[in-house]
**Student:** 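Have a look at the structure that comes next, please.
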Amino acid sequence: MTARPLDRGTLVFLGLVAAAAIVVPALNLALPESSPLHVPTYLVSLFGKYVCFALLALSIDLIWGYCGILSLGHGAFFALGGYAMGMYLMRQIGGRGVYGNPLLPDFMVFLNWKELPLAWWGFSSFPYAMLMVLAVPGLLALVFGWFAFRSRVTGVYFSIITQAMTFALMLAFFRNDFGFGGNNGLTDFKDILGFNVQADGTRAALFAISCVALMLGYLVCRVLVASKFGMVLIAVRDAEARARFLGYRVESYKLATFVISACMAGVAGALYVPQVGIINPGEFSPANSIEAVIWVAVGGRGTLAGAVVGALLVNYAKTSFTSGPLAPYWLFLLGGLFVGVTLWLPRGIVGTVQHWRARRREVAPDASGPAEGAPDGAAQKPLAAE
Amino acid sequence: MEFRTTSALLYLDAVSVSFDGFKALNSLSLTIAPGEMRAIIGPNGAGKTTMMDVITGKTRPDEGEVLFDGTHDLTALDEASIAVLGIGRKFQKPTVFDSHTVEDNLRLALAGDRRARTAIAWRETVAARERISSILETIRLTAARSRLAGNLSHGQKQWLEIGMLLAQDPKLLLVDEPVAGMTDAETHQTAELLRAINAEKTVVVVEHDMTFVRALGVKVTVLHEGRVLAEGSIDQVSENERVVEVYLGR
């Protein structure tokens, strides 16, 4: 049966994120630095970064957790959204760059370019840049997905070609003559919509906007998965051929989900860039996409909230780990985490909790009931029926 | 095609399919009349499943003609369009949506709009709910309606899949080995169920189980090496020397 998009779990989730969106900036801006509750600006940006990663994880959960398509290239959509925002921020620098050229960003002056490349046109306009944040990842996903799903590329083959896609984009963006800053990427941003990107107020606002984007992304996912569309996605994940022989055009469902998911990843990237102050081709690195998939696996795929929890936890662990003496071993820990979760916690953190709760609810009403029907309730149900 | 060239519901003429030189279907011709129930038997590798694949659009034939309802050229359509035209298929291995409830499995199968863009705003009608309840009765899964399909027994899954075919409301049902792995009682019930379905729909059953085919009591087509070897009642074909030879080995 289709579910209500705004179930209790969703309301709790939205409430928590909304509270964070208000409390963190308030503790940063309203309290003096001497106060023990003061949240320093660097932490606001760090949390903002986590929230962007959470949105990226959510986009992966939609396509992987519900539709069963393991994309190992979502980092590319994230980076493309980030580049679109970065290009807007570069154009905002104007004549304040090192070379003082009012039209061309520094790296173009350095490369001795005389005019703005076509791809950069329009990026001085914020609305146009925001449109590109959605359109570039969305279009890439549309074209890529159209070919892949129509040719029925599935499973591990699809994962491999998405890795190839992000790797190819990384190589392209590394090239200076590709026109997007090459190796160094885009950085030295000055302001966004007239506000200084370094200012406390801007950072706090960016954090709050990231939270709002996460809430919207979550709502979009809920509306999708709680509808018949979501039922079909799960059907495709469980038995693709059966769905096809029932008359569902499986590739349309996959393509729509892939494009929506890519757009969400693009928004996450766009909000990430002004908060970290740089976007470079390293963001296209295949390892980034894999890392994001691990967040989802740790939190629990097919649960939405799990993706967010996983992204926050793993990134918090990464921050604490890589700032200590154990920093060189982070990747081992991350790999170990993935293996560990796959072996001992295949449902992920949130998935396991939901599973326990569903079991308890099924057993509780009638403990003496038929043993055969009772405990099997949510055996593999990805989304506990809240 | 504007005019019917045949009165048959399903019409296969000289259909050939080869995989890497192996002729899975070798100029197979077969007609199924509207309202008929036909059993198709044959040893392993006779081309039974390939024939199903050709009819449902999974495999394109190298040559030959496949017509549905006299007007639709099935070789030019994909699985989803063929399903919407009114051909339902049950797989050899029971294939249901494990993480959906029994009820939701039927709900997804129920005839109706299949488009992705309208699925988001979809709401269930009262008629649809009643239809689901009546199918649940037919396949004897009313008590299990809110259980996850993944937790059903093998036989129950087979029945659920047949129920999904019914929900799809096709004109033609292709049923691949419906009683594989079933108990004798279940086999018997399945034969009854298929006969009941046949009252309204055309059915093609592929089966190994001879007792079951005998219980169905319908015209039998024997396939061998991708073509029709014999056709007739079960008694006629089992007396046919070549059929015996093929089944017992030369």
Side-chain angles (χ1 to χ4, degrees), chain A residues 1-3 5 65-68 149-150 152 220 222-260 302 351 358 362 370 372-385, chain B residues 52-53 56-58 78-91 93-101 103-124 129 132 143-153 161 164-165 167-168 170 174:
Chain A
M1 197 58 208
T2 54
Y66 289 88
C67 202
F149 299 139
R150 203 182 62 119
R152 307 210 175 156
V220 168
R222 274 301 300 170
V223 167
L224 287 177
V225 305
S227 70
K228 189 186 173 193
F229 186 92
M231 286 174 70
V232 177
L233 288 191
I234 292 174
V236 170
R237 184 190 70 191
D238 279 1
E240 184 172 334
R242 172 38 75 220
R244 229 185 260 286
F245 286 118
L246 283 180
Y248 289 99
R249 220 164 272 288
V250 169
E251 45 284 352
S252 312
Y253 283 85
K254 286 182 170 179
L255 191 58
T257 313
F258 195 51
V259 170
I260 293 168
E362 291 219 1
E372 169 247 337
D376 64 11
Q380 303 185 333
K381 195 145 186 161
L383 192 75
Chain B
M52 295 269 206
D53 287 346
T56 51
K58 194 179 173 209
D78 68 353
E79 294 103 316
S81 327
I82 291 175
V84 170
L85 267 184
I87 298 184
R89 174 176 188 180
K90 197 201 123 357
F91 295 100
K93 181 171 167 282
T95 311
V96 294
F97 305 127
D98 284 351
S99 23
H100 278 308
T101 60
E103 216 175 322
D104 279 346
N105 269 275
L106 294 176
R107 199 163 271 132
L108 282 164
L110 218 55
D113 196 341
R114 261 34 173 166
R115 286 173 300 167
R117 91 180 83 100
T118 51
I120 294 164
W122 173 90
R123 287 283 169 273
E124 185 171 46
R129 210 167 308 148
I132 289 173
R145 65 189 299 161
S146 43
R147 285 181 63 191
L148 292 184
N151 296 325
L152 295 179
S153 75
E161 203 181 356
M164 288 164 79
L165 285 196
Q168 212 184 326
L174 302 176

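A, B, ... follow the sequence lines: proteins, then strands. Residue 1 opens every chain. These numbers were taken from a predicted model, which means no experiment stands behind them.
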**Student:** Taking atom CZ of A:R242 and atom CG of B:N105, what is their separation to the nearest 0.5 Å?
**Tutor:** 9.5 Å

**Student:** Please state whether the side chain, the backbone, both or neither of A:A256 comes within less than 4.5 Å of a heavy atom of chain B.
**Tutor:** neither

**Student:** Specify the closest pair of heavy atoms between A:D238 and B:D98, including all atoms of both residues, with the distance to one decimal.
**Tutor:** OD2-N, 3.1 Å

**Student:** With a 4.5 Å cut-off on side-chain heavy atoms, are B:R114 and A:L246 touching?
**Tutor:** yes

**Student:** Okay, side chain of B:H100, backbone of A:I234: is any donor-acceptor separation there less than 3.5 Å?
**Tutor:** no

**Student:** Where do A:A239 and B:T95 come nearest, in terms of heavy atoms and distance?
**Tutor:** CB-CG2, 3.6 Å

**Student:** Ion pair present between B:D78 and A:R244, side-chain N to carboxylate O less than 4.0 angstrom?
**Tutor:** no

**Student:** Quick one: of A:S252, A:A235, A:A226, who has the most non-hydrogen atom pairs under 4.5 Å with chain B?
**Tutor:** A:A235

**Student:** Tell me, out of B:A109, B:A121, B:A111, who's got the most heavy-atom pairs with chain A below 4.5 Å.
**Tutor:** B:A109

**Student:** Of the backbone (N, CA, C, O) and the side chain (C-beta and beyond), which part of A:A243 lies under 4.5 Å from a heavy atom of chain B, both, or neither?
**Tutor:** both

**Student:** Considering only heavy atoms from C-beta outward, does the side chain of B:E124 approach that of A:T2 to under 4.5 Å?
**Tutor:** no

**Student:** Just verifying a value: how many Å separate A:Y248 OH and B:R115 CZ, rounded to the nearest 0.5 Å?
**Tutor:** 12.5 Å

**Student:** Where does B:Q168 contact chain A at under 4.5 Å (heavy atoms): side chain, backbone, both or neither?
**Tutor:** side chain

**Student:** Let me confirm one number: the CE-CZ distance from B:M164 to A:F245, rounded to the nearest 0.5 Å.
**Tutor:** 13.0 Å

**Student:** Write down the atom of A:R249, the atom of B:S81, and the distance for their closest heavy-atom approach.
**Tutor:** NH2-OG, 3.1 Å

**Student:** Kindly give the heavy-atom pair with the smallest separation between B:S99 and A:R237, and that separation in Å.
**Tutor:** OG-NH2, 3.0 Å

**Student:** Kindly give the heavy-atom pair with the smallest separation between B:I120 and A:S227, and that separation in Å.
**Tutor:** O-CB, 3.3 Å

**Student:** What residue in B:K90, B:R117, B:E161 has the most heavy-atom pairs under 4.5 Å with chain A?
**Tutor:** B:E161

